[in-house]
A.B. asks: 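One structure coming up, written as structure tokens, with questions to follow.
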Amino acid sequence: MLQRSFENLSSAQPHDPASIGTDRTISLGEIFRILRRRRLVVAGAIAVIVGLAITVIAIVPPRYMATSTVLIDPRRSQVAEEQVTPTSNQGSQDASVVDSQVLLVQSVAVLRGAVESLKLGDDPEFGPHSSWSDGIVRLLNFGPSPPSSPQNPQDFATSKAIETLQRRLNVKRRETTSVIEVNVTSQSPAKAADIANAVVASYMNEQVKSKYEANKIATSWFDQRLEDLKTRGRDLQNSLVQLQTSGNSQNSQVRLRELVSEVDTNRKLYEALLARSKQTSAHEGLELSDARVVARADTPRAPSFPRPLLTLALSIFVGFGIGIVLAIIVDYLDHRIKTMRQAEDTTNVPALAALPLVQTRKLAILARQGRKALKRHSPEDAGVLPALMQPPLMRYVLDEPASLFAEAVRSVRMAVQRGTHGDPAKLVVVSSAIDGEGKTTLAVNLALSLAAIGMKTVLVDGDLRNPEATRSLCPHAKLGLIDIARGNVPLEQAVLFDKQTGLAVIPSPPGDEKFTNEFVFTSAMSNFLQDLRRRCDFVIVDSPPLVPLVDARALAQKADGVVLAIRWNATPQDVVLHAIETLGPTVDRVLGTVLTRVDLRRLRFYDYYRSSSYIGPYAQLGPTRA
């Protein structure tokens, strides 16, 4: 419901300022409501991230990825050998072999072969080239100057190309297989495919070269060992001839048998090494790589980065996530009062009603009618302005009695009639924490509502420093509150009346500023209010705001009840709490708070059940003019 049932909470005390906003809990329903009321924050975050993504797509040159697939098979190189490596432990060796080959593909030796074969050192994309940051660094001269490179220009260009290729190269094993994928990215799709194939070719050439070098070393070793065995054979032979001619002594016979055995052993070893040497020499031209190309890299058709559709989709998702976080943070840090429950929790007094924000179109219609009536009005008339010439909101409770605005004012009226402890609050001060919260509009409409049901009501403009009620209702008044209270004129001479309702109005025209500042503290003001209390059923005082001025606090001490206007979604909780605290011992006279200028459509995002359940059935009834 927009209006709250009035409860006697006079013994309650306002909350501690440090506790404001610290006990909030966030549920899924609350998060949904936060996103609805902070939808502009979420939309802004999405717009920013999507804008950045579009900028990246427009500025960053596209890059294409080409993939060449290689199968690692160590047994392939053994097809020309007489024996093949046993396969009993092949499964356990595959993982380490393939991982080693992945590292080998990324080695500098392999990449150098690809760079030199394609002359990438002279390519602007891979070779040394200036960037936009180089000029800034030279201009600002940050850090020490880099040392001059001892390399010649061609070697330096090759080194830079290798470094760039290392960043553009991605080699990975496909799951648990022996298949390796060689991925290369480049700004040119054809170049990406050429480089991927060149890297694979260089890798396989490096394997063949390595095996060729190993065979050459083995052949050289076999030749050296065979020469040594020949020399030893000619020697384990000369010794044998000498023993055969020296005689047949027992020692000679033993030595002879030893030499014969040694010669036989050396002959067998020589024959075996000779066979291995011939086999190695025969294989010297048959070196094969341990890998074979499964699929050569083809020219890619679409860029791998940036992908417009994927990038935009991800940017929307990321922007939405950031927007959710920002919305929750902004909402958590926003301590402005937005619901009647917030007002009650902050002040510990009842929230009486929520005055809805009136549509500008309705106010414009009433304003046009007022301008027409102005032509028929005499500027010398010091009485209350005709109804059409008053600001539209000042009489909205009468002009639109079926509106939610009028219903909210009637809720405040009922609280005033009920008062505290069951006794009506005859003298009511309407105030606010700070200026611009709609207290004057509330005070005038409350007074008109009381007068409209036959209550003898007087409206007193107690804001002597900023008499907004006087400017709105009777701007040409000559006499007023101070004149009556000081005894300069009788009450009957200064009081003005609204012709439609009979509401008595006591204006406050400008007067002595020095006396005005102290007038509310005088006994004359107290006696005047007591006299009004005796004469009338209700006295509604439009007072100054509580926080900047002490006048309202003095008036509150003389009142039976205080109604505090709070501008919806504008006044911070700590400001309202400070206003309540300024009342001191008279805080128990606060009848309740009233939210003003409430946007009912947005209120549903904060307090759905208290707004929609009331607005739904009755908001479509349409205003009925009195």
A.B. asks: Nearest 0.5 Å, what's the CD1-CD1 distance between Ile31 and Ile324?
C.D. replies: 8.0 Å
A.B. asks: For the side chain of Ser315 and the backbone of Thr311, is there at least one donor-acceptor N/O pair under 3.5 Å apart?
C.D. replies: yes
A.B. asks: Between Val358 and Leu393, is a side-chain contact (heavy atoms from CB on, under 4.5 Å) present by the stated rule, with each step listed?
C.D. replies: CA-CA 8 Å; Val358 179; Leu393 277 181; 3.5 Å; yes
A.B. asks: Determine whether Gln154 and Thr158 satisfy the following criterion, side-chain contact (heavy atoms from CB on, under 4.5 Å), listing intermediate values before the conclusion.
C.D. replies: CA-CA 6 Å; Gln154 187 60 39; Thr158 301; 4.0 Å; yes
A.B. asks: Write down the atom of Ala291, the atom of Val70, and the distance for their closest heavy-atom approach.
C.D. replies: CB-CG1, 3.4 Å
A.B. asks: Just wondering, do Asn569 and Asp599 contact through their side chains at under 4.5 Å, heavy atoms?
C.D. replies: no
A.B. asks: Would you compute the distance between atom CG of Asn183 and atom CD1 of Ile195 and round it to the nearest 0.5 angstrom?
C.D. replies: 13.0 Å
A.B. asks: Taking all non-hydrogen atoms of both residues, which atom of Ala579 and which atom of Ala433 are closest, and how far apart?
C.D. replies: CB-CB, 3.7 Å
A.B. asks: Might you point out which heavy atoms bring Asn197 and Ser68 nearest each other, and give the distance in Å?
C.D. replies: OD1-OG, 3.8 Å
A.B. asks: Run Phe405 and Thr441 through side-chain contact (heavy atoms from CB on, under 4.5 Å) and show every step you take.
C.D. replies: CA-CA 11 Å; Phe405 185 98; Thr441 301; 4.2 Å; yes
A.B. asks: So how far is it from Ile329 CD1 to Ile34 CD1, rounded to the nearest 0.5 Å?
C.D. replies: 11.0 Å
A.B. asks: Minimum heavy-atom separation for Val182 to Val199, with atom names?
C.D. replies: CG1-CG1, 4.0 Å
A.B. asks: Is a side-chain N or O of Glu400 found less than 3.5 angstrom from the main chain of Tyr396, in a donor-acceptor match?
C.D. replies: no
A.B. asks: Please determine whether the number of non-hydrogen atoms from other residues, nucleotides or ligands lying under 6.0 Å from atom CZ of Arg168 exceeds 12.
C.D. replies: yes
A.B. asks: Tell me, yes or no, whether the heavy-atom count around Leu310 atom CG, taken from other residues, nucleotides or ligands under 6.0 Å, exceeds 12.
C.D. replies: yes
A.B. asks: Report yes if some heavy atom in the side chain of Val330 is under 4.5 Å from a heavy atom in the side chain of Arg38; otherwise report no.
C.D. replies: yes
A.B. asks: Which atoms form the tightest heavy-atom contact between Leu165 and Val184, and what is the distance?
C.D. replies: CD1-CG1, 4.3 Å
A.B. asks: Look at the side chain of Thr346 and the backbone N and O of Ala343, then say whether any donor-acceptor pair between them is shorter than 3.5 Å.
C.D. replies: no
A.B. asks: Got a donor-acceptor contact below 3.5 angstrom from the Arg33 side chain to the Arg37 backbone?
C.D. replies: no
A.B. asks: Side-chain contact, heavy-atom cut-off 4.5 Å: Leu312 with Ile54?
C.D. replies: yes
A.B. asks: Indicate yes or no: at least one non-hydrogen side-chain atom of Ile337 is less than 4.5 angstrom from one of Leu595.
C.D. replies: yes
A.B. asks: Work out which heavy atom in Ser117 is nearest to a heavy atom in Ala114; give both atom names and the distance.
C.D. replies: OG-O, 2.9 Å
A.B. asks: Taking Thr596's backbone N and O only, do any of them form a donor-acceptor pair with Trp568's side chain (distance below 3.5 Å, no angle check)?
C.D. replies: no
A.B. asks: Please report the interatomic distance OG(Ser186) to CG(Asp194), rounded to the nearest 0.5 Å.
C.D. replies: 9.5 Å
A.B. asks: So, does Asp331 use its side chain to make a donor-acceptor pair with the main chain of Ala327 at under 3.5 Å?
C.D. replies: no
A.B. asks: Does the pair Glu125/Lys160 count as a salt bridge with the N-to-O cut at 4.0 Å?
C.D. replies: no
A.B. asks: State the CZ-CD1 distance between Arg167 and Ile162, to the nearest 0.5 angstrom.
C.D. replies: 12.5 Å
A.B. asks: Just wondering, do Thr347 and Val576 contact through their side chains at under 4.5 Å, heavy atoms?
C.D. replies: yes
A.B. asks: Taking salt bridge (Lys or Arg N to Asp or Glu O under 4.0 Å) as the definition, give me every residue that meets it alongside Arg336, ordered by chain and number, with sequence neighbours left out.
C.D. replies: Asp334
A.B. asks: With sequence neighbours left out, what residues match Tyr203 under ring pair (Phe, Tyr, Trp, His ring centres under 6.0 Å)?
C.D. replies: none
A.B. asks: Find out whether Gln166 and Leu111 are in side-chain contact, i.e. whether some heavy atom of one side chain is under 4.5 Å from a heavy atom of the other.
C.D. replies: yes
A.B. asks: Going through the distances and angles, do Val598 and Leu355 end up as a side-chain contact (heavy atoms from CB on, under 4.5 Å)?
C.D. replies: CA-CA 6 Å; Val598 178; Leu355 288 179; 5.7 Å; no
A.B. asks: Is there a donor-acceptor pair closer than 3.5 Å between any side-chain N or O of Arg173 and the backbone N or O of Thr176?
C.D. replies: yes
A.B. asks: Taking C-beta and beyond as the side chain, do Ile180 and Thr69 meet within less than 4.5 Å on heavy atoms?
C.D. replies: no
A.B. asks: With heavy-atom distances below 4.5 Å as the criterion, would you say the side chains of Val575 and Ile434 are in contact?
C.D. replies: yes
A.B. asks: Going by atom type alone, with no hydrogens or angles, which donor-acceptor pairs under 3.5 Å involve a side-chain atom of residues 297-307 and a protein atom two or more places apart or on another chain?
C.D. replies:
| from | atom 1 | to | atom 2 | distance (Å) |
| --- | --- | --- | --- | --- |
| Ser304 | OG | Arg63 | O | 3.1 |
| Arg307 | NE | Ser304 | O | 3.4 |

A.B. asks: Examine distances only and state if a side-chain atom of Gln106 and a backbone atom of Val102 form a donor-acceptor pair shorter than 3.5 Å.
C.D. replies: yes
A.B. asks: In terms of side-chain geometry, is the basic nitrogen of Glu344 or Arg341 positioned less than 4.0 Å from the acidic oxygen of its partner?
C.D. replies: no
A.B. asks: What distance separates Leu71 CG from Arg174 CZ, expressed to the nearest 0.5 Å?
C.D. replies: 10.5 Å
A.B. asks: Return yes if a side-chain donor-acceptor contact under 3.5 Å exists between Glu437 and Thr571, otherwise no.
C.D. replies: yes
